[in-house]
Every structure is written in C-alpha cells, then in structure tokens.
Undergrad: 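Here it is, the structure, as structure tokens.
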Number of protein chains: 2
Amino acid sequence: MKPYYEDSAVTIYHGDSFDVIPALESVDAVITDPPYSSGGAFRGDRMASTSSKYVQSGTAIYRPEFAGDNRDQRSFLAWCSLWLNCARNAATPGACVACFIDWRQLPIMTDAIQCGGWTWRGVAVWSKKYGRPNPSGFSSACEFLVWGTNGAGLSRDDYPCGIVEAASPSGEAKEHIAQKPESVMNWAMRLSQPNAVVLDPFMGSGITLVAAKAMGRKAIGIEVDEQYCEIAARRLSQEVLAL
Amino acid sequence: MKPYYEDSAVTIYHGDSFDVIPALESVDAVITDPPYSSGGAFRGDRMASTSSKYVQSGTAIYRPEFAGDNRDQRSFLAWCSLWLNCARNAATPGACVACFIDWRQLPIMTDAIQCGGWTWRGVAVWSKKYGRPNPSGFSSACEFLVWGTNGAGLSRDDYPCGIVEAASPSGEAKEHIAQKPESVMNWAMRLSQPNAVVLDPFMGSGITLVAAKAMGRKAIGIEVDEQYCEIAARRLSQEVLAL
DNA sequence: GCCGAGAATGAATCCATCC
DNA sequence: AGGATGGATTCATTCTCGG
C-alpha cells in the first residue's frame with residue numbers, strides 16, 4: 001500500500017479506513033475526530049451539506065465540504081462499531097482509543113466503543129468556554145472525548161486531567177470546519193504512551209498528526225478526501241521546515 | 001397530603017416520589033440529582049454501602065447512607081424512565097428537566113429522559129477542575145447535567161452557558177455525600193423561568209431548594225429518608241432566619 | 001507597544017414558508 | 001401532511017484596527 005505522504009514520524013494514506021486499516025498492525029492508540037453525523041434534530045437537517053448545516057456566520061473563508069457526515073443514528077452506531085472493531089484488530093493489548101463527539105451523538109459513541117470491543121473508561125471534556133447561545137436553554141459550550149482501552153490499560157507516568165479549556169480555532173488557521181485546536185489535540189495525545197504509534201482513521205486537515213509529532217509519537221493518518229490529504233501533507237512538511 | 005415542612009417558597013414532603021408526585025400539578029421545572037447507582041464496574045461494588053463506595057478522603061464527618069443507589073443498568077433505566085414520566089405528567093407544557101449524572105450513567109440518563117417523554121436537548125457540564133487521578137487515563141474531572149423540555153421550550157431572557165466551574169464542597173458544609181456546590185445549583189436553576197415552580201424528587205440535604213429560593217423560584221422537595229428531611233428543614237429555616 | 005472600541009465568529013436552533 | 005429551505009436570533013470570546 002503506497003502512502004500519500006511519509007516522513008520520519010508520520011504516514012498518510014489516501015483511501016477509505018475500512019480498506020487501509022486491515023493492512024496495519026501494532027497500533028498503540030486510536031485518536032480521532034470522526035464525522036459526527038449531527039447538526040439538527042431532523043433527517044433533512046443532517047442530510048444538508050456540512051457547510052450549510054454547520055453555519056459559519058457570515059465568514060468569507062471557504063472550507064471544503066467533508067464526507068460521511070449524514071448517517072442516521074442506527075447507521076452511525078453500526079458504522080462506528082465496525083471501524084472501531086477494525087481498528088482494535090490492528091491494536092496492541094492495552095492500546096487506548098479516544099473519539100471526539102458532540103452531545104447529540106455522545107451516547108451512541110459510548111455504545112459504539114463497546115460494540116467495537118473496547119473497554120469504555122470515561123468521558124473527557126473540551127470546554128470552548130462559551131458556545132453560540134441556545135434559545136431553549138444551556139449553550140453547547142463543550143465537545144466530548146469518549147475514551148477507553150483494549151483490555152486492561154497500561155501503567156502510565158502521565159495523569160492528564162479530564163477537562164481542557166481552549167477557544168475554537170478561527171481564521172485562516174482553521175482549514176476544516178470541525179478542526180480542533182492544537183492544544184486540545186496535544187491534551188488528547190497524553191492518553192497515549194510517549195512512544196506510541198497513533199492512528200487517526202479520519203484525518204481531515206491533519207491536526208492529530210501534527211500533535212502526535214509535537215508530542216514525540218509516531219502517527220498514521222487515513223483520509224478519504226484527497227483535498228484534505230493535500231492540506232495535511234502541506235501542513236506536515238511546513239512543520240518539518242519549521243523545526 | 002401533609003408536608004413535612006413548609007414556608008412561603010418551599011414545601012417538603014417526606015415519602016416516596018412515586019407516591020407524592022401524582023398529587024402534584026403545575027410543575028414548571030424538574031431539577032434533581034438522583035442516586036446515580038454508579039460507583040463501580042461490578043455488581044458487588046455497586047451494592048456496597050454509599051459511605052464506603054464513595055470514598056471520602058480522610059474525613060471523620062459522618063454522613064447518613066442514602067437510599068436507592070444500588071440498581072443495575074437496566075433497572076436504573078426503567079426506574080428513571082418511570083419517575084421522569086411521572087414527573088412529566090405533573091409538568092406544564094414547555095417545562096424543563098435537568099438531571100445530574102456521572103459519566104458512567106450518562107447514556108442511560110439520556111435514554112431515560114426520552115423514555116419518560118421529555119425532549120432531550122443537551123448535556124451541560126459541571127467542571128470540578130481536577131478529579132482524582134485515574135491510573136488508566138483522564139481523571140474524572142466533570143459531572144454532567146442532562147437536560148430537556150416538555151415539548152417545545154418557552155422563550156427566555158436568560159441564556160446560561162453550558163459549562164460551570166466550581167470545586168466540590170468539603171468539610172462541615174457538606175451534609176450529603178453527593179452534595180453539589182450552591183453555585184452549581186444556582187447555575188442549573190437558570191434553566192427554569194424566573195417564577196417557576198421547581199420540583200426535586202430526590203431532595204437529599206435540600207441544596208436544590210436553597211438554590212430555588214435564592215433564585216426567586218418556588219420549590220417542592222421530596223425525600224424518602226426522614227433524616228434528610230430533617231437536615232433540609234433545618235437548613236431552610238436557617239435561610240429564613242438569615243434573611 | 002498597549003489599550004479600548006467595534007466588528008466578527010461559532011460541528012446551533014427555531015420557525016415561518018414553500019413545495 | 002410532511003419534508004426541505006431560508007432567514008432571524010442569541011452573546012461571550014476573539015480578532016482587528018485605530019489612537
């Protein structure tokens with residue numbers, strides 16, 4: 001299988017995770033931000049394009065659409081269970097898993113992690129401090145990180161806190177509608193062991209790989225959309241130049 | 001039905017919620033901190049007494065056991081669905097509901113709220129900043145507030161943020177093992193309308209009622225354990241004296 | 001360079017219209 | 001009737017720009 005991009009710490013594959021993951025082995029951590037299939041109470045809302053259902057109020061910055069974000073709840077559970085199980089087959093004993101998700105799909109994700117054979121161990125929180133006001137009550141100020149291990153966890157030297165606070169990325173540094181801040185990815189990365197091989201099966205703009213590299217891990221990214229492979233590869237080569 | 005305690009803003013009933021709630025009407029908000037039936041992965045862990053399974057690091061202060069905290073997941077879902085439906089029958093259209101819960105029972109509670117006929121609208125977060133370090137990964141630094149409405153929500157003037165930060169209560173101010181800080185209860189109270197009648201079917205030491213009073217709401221508390229009725233009544237009369 | 005005012009932003013939600 | 005569409009709305013934080 002030919003990588004789309006490769007350097008000393010990072011490998012990117014362009015393709016579908018279900019095709020690529022079975023060729024992998026010795027994965028120590030799965031840290032990812034899958035398409036949420038969220039964005040509305042109704043089927044029609046969820047089926048809308050990612051750029052219209054996740055409204056970027058009045059921005060002039062273009063960000064590409066992303067794929068796989070329009071499953072209903074049953075399919076989302078089935079689909080997550082399958083790729084999570086697939087990833088666990090490539091994982092070492094004691095490997096860890098962590099998936100970002102919003103409030104609406106949080107319970108589904110806890111089911112999916114367990115259906116995929118992982119041991120669910122907790123829900124960590126990314127606080128954005130304040131979200132867009134919600135006319136019916138509390139603002140959506142947080143996203144969640146559902147995490148677990150492949151069987152018994154490994155002993156560790158690092159005890160990360162279950163909550164992290166950071167503002168959403170914005171402006172030109174934000175190349176994907178759902179991009180997480182680097183500080184949040186660095187925090188999530190602390191779940192893995194210092195020398196871990198980290199897999200992100202839904203790489204997007206590659207922020208997970210940047211964090212993995214910054215934290216001394218090795219990383220494998222998979223992305224179905226070539227446009228994002230290109231963005232991630234550019235970002236990672238710039239990182240190399242910056243060192 | 002004879003109240004155990006009553007003043008201008010607050011009524012306390014001593015009894016089981018399933019017996020008391022059907023006699024109520026015009027409830028505008030249900031804000032409560034039910035027994036989590038959590039505290040361990042195994043049945044034996046959950047069946048331990050509340051004062052032993054919820055470890056109180058090194059404190060000598062005695063706190064009474066509390067009831068209803070040893071159900072397995074299926075029973076917890078069934079039981080929550082039943083009292084939530086029961087409470088909804090006493091609720092006005094557009095009333096709101098909010099239940100505190102830990103990560104382990106969070107998905108069950110989102111199911112229960114919907115099974116009880118409420119519209120689930122979000123998951124808000126109470127951040128304790130730090131939790132006990134967890135040897136397998138992230139510390140449990142947060143508890144969650146699953147919230148919703150009885151049909152369409154009412155229009156509102158207050159737009160509370162979906163996350164609140166406060167340290168856990170400690171020392172003598174803590175009269176119940178699972179007691180929430182007043183600031184957290186005041187924040188939760190902001191989900192309700194300013195003149196709402198707030199019901200807490202699992203009153204415990206009465207912190208919800210204190211918050212309701214402080215925020216200008218009227219409150220009804222129900223508690224099965226007379227020892228806690230006494231604690232709550234004492235607390236509320238002191239509040240009256242303090243005014 | 002620092003500060004303050006004003007504008008822009010957000011994995012959103014609701015509701016009236018329109019097919 | 002039910003699904004799809006488009007516009008209005010909310011505010012703490014962040015960003016921009018001028019003094």
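Chain A is the first sequence line, chain B the second, and so forth, proteins listed ahead of strands; every chain is numbered from 1.
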Undergrad: Taking only residues at least two apart or on different chains, which pairs with a member in residues 104-123 of chain A satisfy ring-ring contact (aromatic ring centres under 6.0 Å, His included)?
TA: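 Output for this query lists Trp120(A)-Trp103(B).
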Undergrad: Verify the neighbour count for atom OH of Tyr130(B): are there more than 12 heavy atoms of other residues, nucleotides or ligands below 6.0 Å?
TA: no
Undergrad: Once you round it to whole Å, what is the distance between P of dT9(D) and CZ of Arg156(B)?
TA: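 Between P of dT9(D) and CZ of Arg156(B): 18 Å.
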Undergrad: So what does Ser136(A) touch, heavy atoms closer than 4.0 Å: a base, only the sugar-phosphate, or nothing?
TA: sugar-phosphate
Undergrad: Run through DNA chain D and report every stem of 3 or more consecutive Watson-Crick or G-U pairs, distances under 3.5 Å, ordered by first number.
TA: C:2-10 with D:11-19, C:12-19 with D:2-9
Undergrad: Between dC11(D), dT13(C), dT14(D), which one does the side chain of Tyr130(A) approach most closely?
TA: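 The closest nucleotide is dC11(D).
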Undergrad: Considering heavy-atom distances to DNA chain D, does Pro135(A) or Ala166(A) have its closest nucleotide positioned more toward the 5' end?
TA: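 It is Pro135(A), whose closest nucleotide lies nearer the 5' terminus.
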Undergrad: Identify whether any heavy atom of Asp157(B) sits under 4.0 Å from a base atom; if not, whether one sits that close to sugar-phosphate; answer base, sugar-phosphate or nothing.
TA: nothing
Undergrad: With respect to the side chain of Arg132(A), which nucleotide from dA11(C), dT13(C), dT10(D) is positioned closest?
TA: dT10(D)
Undergrad: Verify the contact: side-chain N or O of Ser139(A) to OP1 or OP2 of dC11(D), cut-off strictly under 4.0 Å; return yes or no.
TA: no
Undergrad: Please collect all salt bridge (Lys or Arg N to Asp or Glu O under 4.0 Å) contacts where either partner lies in residues 105-119 of chain B, sequence neighbours excluded, each pair once.
TA: none
Undergrad: Counting just side-chain N and O atoms, does Lys129(A) come under 4.0 Å of either OP1 or OP2 of dT14(D)?
TA: yes
Undergrad: Across the strands shown, which category fits Asp102(A) at heavy-atom distances under 4.0 angstrom: base, sugar-phosphate, nothing?
TA: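 No contact.
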Undergrad: Would you mind telling me which of dA11(C), dC11(D), dA12(C) lies closest to the side-chain atoms of Lys180(A)?
TA: dA11(C)
Undergrad: At 4.0 Å (heavy atoms only), tell me whether Gln179(A) reaches a base, stays on the sugar-phosphate, or touches nothing.
TA: nothing
Undergrad: Regarding Tyr36(A), tell me which of base, sugar-phosphate or nothing describes its non-hydrogen contacts under 4.0 Å with the strands shown.
TA: base
Undergrad: Pick base, sugar-phosphate or nothing for Trp103(A), based on heavy-atom distances below 4.0 Å to the nucleic acid.
TA: sugar-phosphate
Undergrad: Pairs in or reaching into residues 151-161 of chain B: which pass salt bridge (Lys or Arg N to Asp or Glu O under 4.0 Å), with residues at least two apart or in two chains?
TA: Asp158(B)-Arg190(B)
Undergrad: For the pair made of CD in Glu165(B) and C1' in dA12(D), what is the distance, rounded to whole Å?
TA: 15 Å
Undergrad: Would you please name every residue forming a salt bridge (charged side-chain N to carboxylate O under 4.0 Å, His left out) with Lys128(A), sequence neighbours left out?
TA: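 With neighbours one apart ignored, the set is Glu143(A).
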Undergrad: Only pairs at least two apart or in different chains count here, so list each salt bridge (Lys or Arg N to Asp or Glu O under 4.0 Å) that has a residue in residues 17-33 of chain A.
TA: Asp33(A)-Lys180(A)
Undergrad: Please compare Pro133(A) and Ser170(A) by the position of their nearest nucleotide in DNA chain D and report the one closer to 5'.
TA: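 Its nearest nucleotide being more 5', the pick is Pro133(A).
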Undergrad: When all nucleic acid strands are considered with a 4.0 Å heavy-atom cut-off, which category describes Phe66(A): base, sugar-phosphate, or nothing?
TA: base
Undergrad: Just checking Ala167(A): base, sugar-phosphate only, or nothing, at a heavy-atom cut-off of under 4.0 Å?
TA: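 Sugar-phosphate, no base atom in range.
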Undergrad: Contact class for Pro160(B) vs. all strands (heavy atom < 4.0 Å): base, sugar-phosphate, or nothing?
TA: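 The residue Pro160(B) makes no contact with any strand.
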